[in-house]
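For ligands, and for the atoms within them, numbers begin at 1 and follow the listed sequence. One-based numbering along the sequence shown.
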Amino acid sequence: MNVLVIGSGGREHALVWKLSQSPLVTEIFVAPGNGGMEQMQGVTCVPVKADDIIGLVKLAREKQVGLVVPGPEAALTLGIADAMEAAGIPCFGPGRYCAQLEGSKAFAKGVMEKSGVPTAACAVFENADEAKDFIRKMKRSLVIKADGLAAGKGVIVCHSEQEALDAVDLIMNQQAFGTAGSTVVVEEFLKGEEVSLLCLCDGEHAVPLPSAQDHKAAYDNDEGPNTGGMGAYSPAPILPDAELEKMTDIVIRPVLKYLASKGHPFTGILYAGLMMTSDGPRVLEYNVRFGDPECQPLLSRLESDLCAIMLAAVKGELDPAMVQFTPRSAVGVVITAAGYPGSYEKGMPIEGIAAAEGLPDLVVFHSGTKRDGDTILANGGRILCVTALGEDLASARDKAYEGVARITMPGSRFRKDIGMKGIARLEQLKNAAKA
Ligand code: AMP
Ligand code: GLY
């Protein structure tokens with residue numbers, strides 16, 4: 001069968017890489033894809049934008065695809081799954097109604113409240129003055145969030161009243177995130193370690209993937225501005241395999257049940273961004289797709305046929321026995337351009353990718369790259385995600401960084417502490433067991 005993958009990042013490269021291993025797959029089309037995918041056998045990049053719903057349906061029809069896999073959230077919130085359904089083409093992703101879980105933080109908060117999912121206390125405002133009055137009364141650390149999609153930038157953590165008032169001005173009055181900031185969510189600040197729980201969903205059933213942890217801050221020790229994600233690893237010891245089912249019961253299954261009761265069963269990946277607080281887990285956000293870069297280490301660990309899993313999910317026939325992961329750990333380290341997440345240059349040549357991939361169990365997933373003959377050039381902020389498997393987290397980490405060391409690009413940058421929180425937690429657990 002032919003498959004259409006939508007998107008152009010490292011997540012989509014990992015999806016294409018895993019789908020291409022399936023005996024069910026004949027040819028993969030990617031809209032629009034990147035330099036890494038272009039180099040793959042049986043993969044064709046097509047210059048259709050990832051949010052061009054009409055163009056994507058036309059492409060899926062032309063290429064007679066049997067499965068569509070949207071990577072980024074924009075296409076989903078614009079209704080790509082509804083459009084494909086109307087065209088009779090199976091699509092692994094939720095429709096527009098369910099995609100509001102990611103597209104509107106106020107909608108997500110409402111669903112969490114109605115389905116009893118633990119989350120930060122919050123208030124929603126459509127008026128800046130009312131939001132500010134509320135902030136003045138609260139006298140505590142708060143998080144101010146633009147309601148709509150803001151490329152991961154619409155969340156401002158505020159440790160003083162003035163910061164919170166300024167955040168409301170930035171989002172609502174200066175409209176820094178456009179109409180995404182017409183509504184704001186003011187939320188209590190939660191302390192703890194973050195972890196991602198992604199579940200495969202078929203409308204009724206949820207099958208959890210192993211846990212993963214992202215690194216959103218630009219610099220080591222979680223300092224600096226927020227980014228799309230500087231690296232990820234799986235499993236994250238803060239959410240071990242033995243607790244996945246219980247966590248899915250708390251933060252995923254009640255939501256699936258609620259959405260189905262509204263006549264909108266959820267198909268695809270439901271991703272809960274969790275804060276593990278001293279009072280238990282709290283959902284910070286839902287995403288309705290794989291995370292980038294969590295997808296890269298997660299799919300590196302998947303041993304089963306991803307195409308078969310996705311087709312079963314679309315049919316409402318997901319079976320946990322179909323979803324097997326290696327017990328080995330995976331670590332993905334993102335290499336970025338010098339100025340990212342601020343402004344950065346493009347067009348620098350990248351060398352050493354093949355040398356890195358000469359290491360066993362290591363794949364270099366491309367994000368912002370393009371091909372120029374035999375050369376790969378930088379073409380974005382996040383450029384590569386060097387992803388390695390190892391017997392444990394420490395060895396996967398060592399191998400990923402060995403791969404990173406083989407790659408050179410003028411001005412390239414990466415975090416040096418990807419996976420360290422997990423390694424520290426494993427040490428703690430080992431010492432506690434000894435004591
Ligand atoms: P979100 O897009 O909602 O996941 O927020 C982006 C980042 O902001 C999260 O990964 C957290 O690091 C931080 N964040 C969001 N909400 C809260 C909260 N209520 N308390 C503390 N940090 C938060
Ligand atoms: N890695 C976080 C995200 O994809 O939103």
Yes or no: does Lys191 have any heavy atom under 4.0 Å from an atom of ligand 1?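 Lys191 does not count as a contact of ligand 1 under the 4.0 Å cut-off.
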Please confirm whether Arg282 approaches ligand 1 to less than 4.0 Å, judged on its heavy atoms.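 Not so, Arg282 does not reach ligand 1.
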Passing option when Val404 is tested against Ile418, Val333, Val364, Leu384 for side chain to side chain contact (heavy atoms under 4.5 Å, CB included):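 For Val404, the side chain to side chain contact (heavy atoms under 4.5 Å, CB included) check succeeds only for Val333.
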Looking at [X], which atoms of ligand 2 are within less than 4.0 Å of one of its heavy atoms?
X	answer
Gly291	4 (O)
Tyr271	2 (C)
Asp214	1 (N), 2 (C)
Asn287	5 (O)
Glu294	1 (N), 2 (C)

Would you say Arg11 contacts ligand 2, with heavy atoms under 4.0 Å as the rule?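 In this structure, Arg11 fails to qualify as a contact of ligand 2 - no heavy atom is under 4.0 Å.
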Say whether Gly228 and ligand 2 are in contact under the criterion: heavy-atom distance to a ligand atom below 4.0 Å.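 Gly228 counts as a contact of ligand 2 under the 4.0 Å cut-off.
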Report the part of Val143 (side chain from C-beta onward, or backbone N, CA, C, O) that has a heavy atom under 4.0 Å from ligand 1; answer both or neither where that applies.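 It is the side chain that gets close, since no backbone atom is under 4.0 Å.
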Proximity of Val155 to ligand 1 by residue part, where a heavy atom lies under 4.0 Å: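 Side chain only; the backbone of Val155 stays clear of ligand 1.
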Can the positive tip of Lys109 be found less than 6.0 Å from the middle of the six-membered ring of Phe107, inside 45° of the ring normal?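 Verdict for Phe107: no cation-pi partner in Lys109.
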Just checking, any donor-acceptor pair under 3.5 angstrom between side chains of [X] and [Y]?
X	Y	answer
Ser196	Tyr271	yes
Ser395	Asp392	yes
Gln213	Glu294	no
Asn379	Thr369	no
Arg96	Thr77	no
Gln162	Asp166	yes

At what distance is the nearest protein heavy atom to [atom], and which residue and atom is it?
atom	value
atom 21 (C) of ligand 1	Leu190 O, 3.3 Å
atom 2 (O) of ligand 1	Glu285 OE1, 3.2 Å
atom 10 (O) of ligand 1	Glu194 OE1, 2.6 Å

Applying a 4.0 Å heavy-atom criterion (strictly less than), which segment of His215 is in contact with ligand 2: side chain, backbone, both, or neither?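 Neither part.
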Do any nitrogen or oxygen atoms of Asn226 lie less than 3.5 angstrom from nitrogen or oxygen atoms of ligand 1?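 Looking only at distances, the answer is no, because the N/O contact criterion of under 3.5 Å is not met.
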Looking at OG1 of Thr119 and CZ of Arg282, how far apart are the two atoms once the value is rounded to the nearest 0.5 Å?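 The CZ atom of Arg282 is 8.5 Å from OG1 of Thr119, to the nearest 0.5 Å.
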